[in-house]
Amino acid sequence: MKDIVMASATPLDRTGMAARLVRDIPEGWYVNLGVGMPTTVADHVPPGREVVFHSENGILGMGPAPSPDAVDPWLVNAGKKAVTLLPGAALFHHADSFAMIRGGHLDLCVLGAFEVAENGDIANWTTSSNDIVPAVGGAMDLAVGAKQLWVIMEHTTKEGRPRLVEHCSYPLTAPGSVNRVYTNLAVLEVTARGFELLDIVAGLTIEALQTMTAAKIHLPRTT
Amino acid sequence: MKDIVMASATPLDRTGMAARLVRDIPEGWYVNLGVGMPTTVADHVPPGREVVFHSENGILGMGPAPSPDAVDPWLVNAGKKAVTLLPGAALFHHADSFAMIRGGHLDLCVLGAFEVAENGDIANWTTSSNDIVPAVGGAMDLAVGAKQLWVIMEHTTKEGRPRLVEHCSYPLTAPGSVNRVYTNLAVLEVTARGFELLDIVAGLTIEALQTMTAAKIHLPRTT
Amino acid sequence: MMDKRVASIAEALSGVRDGAVVLVGGFGAVGQPNMLMDGLAEQGARELTIVANNAGWGRETGIPRLMGLGRVRKIVCSFPKGSVIFDELFRAGKLEVELVPQGTLAERIRAAGAGIPAFYTPTGVGTRMGEGKEVREFAGRSFLLEQALQADVALIEAWRADRWGNLTYRGSGRNFNPIMAMAARLTIVQAHDVVELGELDPEIVVTPGIFVDRVVRVARE
Amino acid sequence: MMDKRVASIAEALSGVRDGAVVLVGGFGAVGQPNMLMDGLAEQGARELTIVANNAGWGRETGIPRLMGLGRVRKIVCSFPKGSVIFDELFRAGKLEVELVPQGTLAERIRAAGAGIPAFYTPTGVGTRMGEGKEVREFAGRSFLLEQALQADVALIEAWRADRWGNLTYRGSGRNFNPIMAMAARLTIVQAHDVVELGELDPEIVVTPGIFVDRVVRVARE
């Protein structure tokens, strides 16, 4: 069914998803990007727009990955990848770093997820089935601490199962925390009444999007 | 009565008290000195014995007062007096400073007191009667946090009332915290059975000391 | 361009509301945001709750000036001694006081900045400070429950700052400033020097700019 | 003369006992006290509880080496993925694991160093991490009670040190090291440089020597 409804649509690739999300990050925000696809968001900030990236291992003002010959082995991000520091950067220890996170100082955290529920619940740390010992890292702190939590993920699993749901089936990372979801097909705000459609890719109807979503999609109220 | 029993004794003056206390501070200890008489203890550390002084406003490795023409207005101690930094000093903020105190990292705190009870209770922050609003400062944190709490004070008030007592009559700074008391007449350890005499000034009998002490003075058990 | 610098003390203090809880840095005369405090007196906000270690000294400036102008409803501090105006107002029943042990004050401020709503501390157990507070045992020792001290505004004195709000301090001028900068919704800084972005070594920044909203440069006194 | 420098890794690790709770600094490959970890393997202490963000990677060194030698009874961490030996031992029931969210892990360590026996945090509420833990409301929001993580030994990697134990770090090598240095009864540091007393500017010391017991210089890798 997925193939049929998608016939005339142009889903975003990962680059397109990251670029779409970046459009909504204003200058001056302090932003933490989760490991994986969220990290690529940093590559799409237009030159001249100052956004300050935070890494939970103690960096504010993280810059792009260095060229291979300019790697400083003493500077890695939360995904353990080499990074650089921008002018204006600051370094600090883990308790101070999570004080920033837990204390509500980050404007935005972008995480990947397995599932997001219409009440804002997020499940992104374990599927239980395949994790002998799940690793939680900083996801739970980030999910409850940042002023805004945006999730970036494929709209469905590879098998076509919806990731936007009425209730998460996987163990929660945090209840009621997600503000917005960016998928390859749409942008949806989590509101008091559930998922509200903010944007949809060209060529896709709302009806078709609904068939790939396991929770009701609301249209924004016009005032 | 006080005058009679003291006739043949030589009570220590403030300098003598500070010098007596310093004899018992080993090299390498981290020490916080309360405002007032305790502060003078720093002046009596013999050259070559490294003792690191802590000030709760964020200094470790505090040195002596500067000469008047060398005052740095940005460096004061907890008593708001100008100080210097020794080689090896470190500066930090108030939460870190009290983490050191409360976390049990100081080897010793020396405080003044109105009263010390035989169970180690200390009263040093308010006499209630003359304080319209008592000021507590860092005394309560220091009293519960340091590994050792030594009190330096006159053995009696100016009116001859004992300051070493069975139960404190003034509001407590902390219960059961004092390890040792240095007075102008004696040095007493607070033990499970009460005050145990460690030292007494020349010319004073234990019986005479007892008359100026409102709790039983025990002699050290010989083993 | 992200730029937290503002041109004047008045601009730095715009929007401070009546009834605000205001954290004021400093210990003794060091690290006090005196220019911001004078600005706050000019700005006119009333019914303030002031959180600071001391209640100030001379009448002409700082917390005593604000108190003298009748702007302060309550003061939260560890050591109010030394301020004549404080004594006068308190005796006259015109000032509410919450006395807090210094380390508990610091930790309550830090907790507010760190998203910790409450914590247990050994300080004050068995004393007048513990009256009315929950006491709980951990590993056989008693502790008091203390709550985070949330604030609307923090007034901070720093040594150097940049346009992102990164700060360094000088000497014992750090004291309460770095933790207060973390704990308020609006953090306003007076700095002795404002330097170009990148001039502050990332290794020596004490307060990262994320905690700072406005920076105003003041002439050295 | 107060001198915390020791001449060898073996001397640095003397006295670490069987059953010790050992904090190990580092995040990813940065800030890990690898020489001290190898020394601990040589030293021979058994039944250890290791507290670290990760459970390590390659088998040859660090936490995996200790685990492979059967010295580790339990590991407390936030992200154990990536270690083959960990998976093997855990599957075989030979290793106890306590999984802690990274921020809660950091705060529990900091609390131990700061004399705070317990605190409330929003992290983990309504998740599997909150199971069996006290939940309490403050201002209408729910929080978990978390306890300080006390330790016997901390193994720390620093960049520069002096004989009083003052430390600086480099880049993202700070991570858990400064808070772990505060939280153990015995704090042992491997430093890349050991400098003369007074060479470290008091303004840039990150870990004051009061938290440090032993310093050993290691050759840069």
Side-chain angles (χ1 to χ4, degrees), chain A residues 35 55-59 62 72-85 89-104 119-126 128 131-145 168 170-177, chain D residues 25-31 53-55 57 75 77-82 86-87 90-91 95 97 99-111 113-114 121-130 141-143 159 169-182 206-207 221:
Chain A
V35 175
S55 186
E56 53 263 44
N57 57 322
I59 307 174
M62 204 168 34
D72 177 351
W74 292 80
L75 269 183
V76 300
N77 64 13
K80 285 88 176 177
K81 299 287 191 296
V83 291
T84 52
L85 298 180
L91 299 163
F92 36 86
H93 63 53
H94 247 86
D96 283 349
S97 185
F98 280 84
M100 289 176 198
I101 294 170
R102 200 191 305 103
N119 66 351
D121 289 358
I122 173 174
N124 89 335
W125 68 290
T126 177
S128 280
D131 272 344
I132 127 156
V133 173
V136 64
M140 288 189 176
D141 305 277
L142 286 161
V144 302
C168 290
Y170 295 132
L172 292 191
T173 305
S177 295
Chain D
F27 184 92
V30 185
N53 189 64
N54 305 103
W57 291 268
I75 184 160
C77 64
S78 90
F79 205 89
K81 269 189 185 145
F86 171 86
D87 276 358
F90 185 75
R91 273 176 214 272
L95 189 65
V97 180
L99 194 68
V100 183
Q102 198 171 134
T104 300
L105 184 63
E107 192 67 11
R108 288 179 62 197
I109 292 166
R110 190 257 173 200
T121 178
T123 305
V125 170
T127 78
R128 193 191 279 179
M129 290 294 177
R141 190 178 175 197
S142 294
F143 298 87
W159 184 245
Y169 301 88
R170 179 173 167 180
S172 66
R174 249 182 244 204
N175 57 68
F176 281 89
N177 283 303
I179 50 174
M180 287 180 167
M182 298 168 61
V206 175
T207 294
E221 288 151 36

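All values derive from a computational prediction rather than experimental measurement. Atom set for the values below is all heavy atoms of this structure, side chains included, hydrogens, waters and symmetry mates excluded.
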Taking every non-hydrogen atom, the tightest pair across P171(A) and T126(A):
CD-O, 3.4 Å
One option among I101(A), L172(A), L85(A) has the most heavy-atom pairs under 4.5 Å with chain D, and it is L172(A)
Could you go through residues 74-82 of chain A and list every donor-acceptor pair under 3.5 Å that involves a side-chain atom there, pairing it with any protein atom two or more places apart or in another chain?
unit_1	atom_1	unit_2	atom_2	d
N77(A)	OD1	G79(A)	N	2.9
N77(A)	OD1	K80(A)	N	3.1
N77(A)	OD1	K81(A)	N	2.9

Looking at chain A, which one of S78(D), G124(D), G28(D) has the largest number of heavy-atom pairs inside 4.5 Å, strictly under?
S78(D)
Cut-off 4.5 Å, heavy atoms of chain A, and the answer for R108(D) is neither
Under a 3.5 Å distance rule, please check whether T173(A) uses its side chain to pair with a backbone N or O of N124(A) as donor and acceptor.
yes
Heavy-atom pairs under 4.5 Å with chain A, option from P101(D), G130(D), G173(D) with the top count:
P101(D)
Whatever's closer than 4.5 Å to a heavy atom in chain D on A95(A) counts as both
Of the listed residues (P175(A), S55(A), G176(A), A123(A)), which shares the most heavy-atom pairs with chain D below a 4.5 Å separation?
P175(A)
Among H94(A), M140(A), R102(A), E56(A), single out the residue with the greatest number of heavy-atom pairs under 4.5 Å to chain D.
H94(A)
CH2-OG1 distance between W125(A) and T127(D), expressed to the nearest 0.5 angstrom:
6.5 Å
Residues in ring-ring contact (aromatic ring centres under 6.0 Å, His included) contact with H93(A), at least two apart in sequence or another chain:
none
Would you say the side-chain atoms of N57(A) pair up with the backbone N or O of F27(D), donor to acceptor, closer than 3.5 Å?
no
Under a 4.5 Å heavy-atom cut-off, does chain A meet the side chain of N54(D), its backbone, both or neither?
side chain
Pairs of heavy atoms under 4.5 Å with chain A: top-ranked of V30(D), L99(D), N175(D):
N175(D)
Donor-acceptor contact below 3.5 Å, side chain N177(D) vs main chain G31(D)
yes
Go through the atoms of V206(D) and report whether side chain, backbone, both or neither lie under 4.5 Å from a heavy atom of chain A.
neither
